[in-house]
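Below: the structure, in structure tokens.
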Amino acid sequence: MERHLFNLKFASKEMTRNASKSQKLEDAEKSKCKSALRKGALDVARVHAENAIRHRNQALGFLRMGARLDSVAARVQSLNNMRNMTRTIQAVTRSMDAAIKRMDLERVQSLMDRFDEECQQLEVASMVQESGLDATTCTAVPMRQVDDLVIQLAEEAGLEVQLEMPQVALDSLGASLVSERDELSKRLAQLRK
């Protein structure tokens with residue numbers, strides 16, 4: 001098949017070369033015709049004109065034949081590509097069949113189930129760890145210092161901040177924290193005026 005394709009392409013190029021030669025001969029005959037007309041030889045000019053027309057027709061014939069050969073070569077190339085693609089698809093299909101036969105679907109399903117269980121256990125463990133870290137972090141820094149820093153930064157920025165503290169924290173800190181907070185709020189209000 002490859003040899004036939006090569007021969008078709010070679011013949012097409014040969015037709016193109018012949019068309020090019022015929023066009024050059026046509027141009028040469030036209031110049032001879034012009035030259036004969038300048039000399040006043042009308043009969044000689046007609047002969048050269050006939051030759052020019054014949055070469056033009058030959059060139060067009062060669063171009064048509066080359067185009068047909070190109071068309072046939074393209075079809076042969078397409079068929080060759082389809083044949084190769086069919087072979088590739090057959091090989092892939094055979095490989096897929098072999099892989100499916102080797103695959104134990106029950107084992108794959110059990111592995112996927114185990115994977116899901118492990119993911120769930122990991123998620124639970126990470127949630128427990130995060131909540132433990134959050135609890136440790138909250139107790140490591142006294143909330144009073146955090147509130148004081150927030151208020152200080154708000155004063156520097158010229159903002160009013162209302163800190164909402166949970167009822168449990170108010171009970172444990174006692175009245176001193178409430179009075180201190182009120183005092184800081186008053187200072188902040190005076191600074192804004």
- [ ] To the nearest 0.5 Å, tell me how far D70 CG sits from Q77 CD.
- [x] 12.0 Å
Open item on the list: What I want to check is whether the side chains of R54 and N51 have a donor and an acceptor closer together than 3.5 Å.
Closed with: yes
Task: From H55 atom NE2 to F62 atom CZ, the distance as rounded to the nearest 0.5 Å - done: 10.5 Å
Open item on the list: I'd like to know if the side chain of T93 reaches the main chain of I89, judged simply by a donor and an acceptor atom lying under 3.5 Å from each other, with no hydrogens or angles considered.
Closed with: yes
Open item on the list: I'd like to know if the side chain of S35 and the backbone of S31 have a donor-acceptor N/O pair within less than 3.5 Å.
Closed with: no
Open item on the list: Just verifying a value: how many Å separate K9 NZ and K13 NZ, rounded to the nearest 0.5 Å?
Closed with: 8.5 Å
Task: side-chain contact (heavy atoms from CB on, under 4.5 Å) assessment of L63 paired with Q23 - done: CA-CA 11 Å; L63 287 175; Q23 286 173 348; 4.1 Å; yes
- [ ] Look at R17 together with E14 and state whether they make a salt bridge at an N to O cut-off of under 4.0 Å.
- [x] yes
Open item on the list: To check you understand the geometry: which heavy-atom pair defines the closest contact between S12 and L69, and what is its length?
Closed with: N-CD1, 3.7 Å
TODO: Grab the two heavy atoms, one from L5 and one from A73, that are nearest each other, plus how far apart they are.
DONE: CD1-O, 3.2 Å
- [ ] Would you check if R83 and R87 make a side-chain contact, meaning some heavy-atom pair closer than 4.5 Å?
- [x] yes
Open item on the list: I'd like to know if K30 and E26 make a salt bridge, using a cut-off of under 4.0 Å between side-chain N and carboxylate O.
Closed with: yes
Open item on the list: Hydrophobic cluster membership, with links at side-chain heavy-atom distances under 4.5 Å among I/L/V/M/F/W/Y: are V76 and M65 in one?
Closed with: yes
Task: Pairwise distance CE(M85) to OG1(T88) - rounded to 0.5 angstrom - done: 8.5 Å
Task: side chain to side chain donor-acceptor pair (under 3.5 Å) evaluation trace for Q120 with D116 - done: CA-CA 6 Å; Q120 289 173 355; D116 286 341; over 6 Å; no
TODO: Mark yes or no for whether S22, through its side chain, and N18, through its backbone, hold a donor-acceptor pair below 3.5 Å.
DONE: yes
TODO: Could you tell me the separation between the CG atom of D27 and the NZ atom of K32, rounded to the nearest 0.5 Å?
DONE: 12.0 Å
Task: Heavy-atom pair with the smallest gap, counting every atom of A45 and C33 - done: O-SG, 3.2 Å
